[in-house]
Amino acid sequence: MARTPIIAGNWKMNNTVAAGVALVKELAPLVKDAKATVVVCPTATALAGVTEAVKGSNIAVGAQNVHWEKSGAYTGEISTDMLTELGVSYCVLGHSERRDYFGETNEGVNKRAHAAYVAGITPIICCGESLEIREAGTYLAYVAYQIEAALAGFAAADVAKLVIAYEPIWAIGTGKTATFDQAEEVCAHIRKTIEAKYGAAAAEGVRIQYGGSVKPATIAGLMEKPNVDGALVGGAALKAKDFAAIVNF
Ligand SMILES: O=C[C@H](O)COP(=O)(O)O
């Protein structure tokens, strides 16, 4: 079974509603023939405007986080109902910036992933090691543990439909893309980890992205790797032409 590539743009804390709407309006005609699934992940305030603006295009919209409870006293959080009401169909979870700056834990990522999946929102579950862990040589075990924790309690048939984003923290926003072989090594290990626990069909179906300073010049080399199924793009997703060039690799 061939996996459809998936390229997602994580806008992080960038773009007002007006800027986000303008960006997707410029992007839509540039990616209309993409063979990859195309996703943009605006900040929360721009989700309504952007979901409206992409109607009739092949651009899907993702959120940058979601809470596991349906509603209640959780100041600053967003529920799955609030996202599905807008037509949001993906959600980035466990990004290293959430883990490092806002105390996101593996357990929280797992709870958010279940809530999103049950609501019909495809989780894009992030994992990735720091430079210290990379240099200590323990990165494969570290990433495997993050994935096992994030996927706990999922049925094999559901794991097949998830998206994982491998983002080495040392490559995010630094201009230091992992080499194609470094990206492939970890993405292959993630697939092997999933196969060991959930079986061949889950490992064959799950889509694994690489993220970390992906640029138009590096996407083709990454996509040639058998275990890299797409990219989670930060900085280069803020310019329609650059993001389109990545999507149309
Ligand atoms: O979510 C996206 C990643 O953190 C990558 O960001 P970047 O492309 O700016 O390095």
Side-chain angles (χ1 to χ4, degrees), residues 5-15 19-20 23-24 27 31 36-44 46-47 50 59-66 88-102 104 109 112-113 116 121-131 133-134 139 142-143 146-147 150 162-180 182-183 186-187 190 207-223 225 228-249:
I6 176 165
I7 311 282
N10 175 13
W11 295 357
K12 308 192 179 187
M13 198 174 73
N14 294 291
N15 286 332
L23 201 164
V24 291
L27 182 66
V31 299
T37 304
V38 187
V39 186
V40 294
C41 303
T43 195
L47 286 170
V50 169
I59 301 173
V61 178
Q64 296 180 16
N65 209 355
V66 71
V88 170
S89 49
Y90 289 86
C91 187
V92 175
L93 292 172
H95 191 282
S96 63
E97 288 148 19
R98 298 296 320 164
R99 295 175 189 261
D100 287 354
Y101 307 148
F102 305 103
E104 188 73 77
V109 174
R112 292 178 199 273
I121 298 168
T122 301
I124 300 176
I125 298 171
C126 302
C127 59
E129 80 286 358
S130 63
L131 187 58
I133 292 170
R134 161 79 36 181
Y139 55 96
Y142 181 84
V143 169
Q146 284 184 312
I147 291 304
L162 301 178
V163 180
I164 308 282
Y166 167 58
E167 299 205 315
I169 299 169
W170 46 272
I172 297 176
T174 59
K176 285 188 204 164
T177 316
T179 66
F180 304 146
Q182 284 173 323
V186 183
C187 291
I190 292 169
R207 291 187 286 177
I208 305 175
Q209 300 173 312
Y210 166 79
S213 299
V214 174
K215 300 282 182 284
T218 53
I219 187 68
L222 286 164
M223 294 305 295
K225 294 296 177 186
V228 178
D229 304 316
L232 183 57
V233 185
L238 297 174
K239 291 198 178 121
K241 286 192 178 66
D242 285 353
F243 189 55
I246 292 170
V247 165
N248 298 321
F249 62 91

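Just so it is clear, the model here is predicted, and its values are computed rather than measured. Counting starts at 1 for both ligands and their atoms, following the listed order.
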With atoms numbered from 1 as shown, which atoms in ligand 1 lie under 4.0 angstrom from a non-hydrogen atom of [X]?
X: Gly173; answer: 7 (P), 9 (O), 10 (O)
X: Ser213; answer: 7 (P), 8 (O), 10 (O)
X: Glu167; answer: 1 (O), 2 (C), 3 (C), 4 (O), 5 (C)
X: Gly212; answer: 5 (C), 10 (O)
X: His95; answer: 1 (O), 2 (C), 3 (C), 4 (O)
X: Gly235; answer: 7 (P), 8 (O), 9 (O)

*With heavy atoms only and a cut-off of under 4.0 Å, state how Ile172 meets ligand 1: side chain, backbone, both or neither.*
both
*Is any side-chain heavy atom of Phe243 less than 4.5 Å from a side-chain heavy atom of Val31?*
no
_Do Tyr139 and Ser130 have side chains that approach each other closer than 4.5 Å (heavy atoms only, starting at C-beta)?_
no
*Examine Thr174 against ligand 1 and note whether any of their N/O atoms are separated by less than 3.5 Å.*
no
*Starting from atom 8 (O) of ligand 1, which protein heavy atom do you reach first, and at what distance in Å?*
Gly234 N, 2.9 Å
*Tell me, please, which residues at least two apart from Lys215 pass salt bridge (charged side-chain N to carboxylate O under 4.0 Å, His left out).*
none
*Considering residues at least two apart in sequence or located in another chain, which fulfil the salt bridge (charged side-chain N to carboxylate O under 4.0 Å, His left out) criterion with Arg134?*
Glu129
*Take every heavy atom of Lys215, measure it against each atom of ligand 1, and state whether any distance is under 4.0 Å.*
no
With distance as the sole test, does [X] use its side chain to make a donor-acceptor pair with the main-chain N or O of [Y] at under 3.5 Å?
X: Ser213; Y: Ala171; answer: yes
X: Glu167; Y: Cys126; answer: no
X: Gln146; Y: Gly128; answer: yes

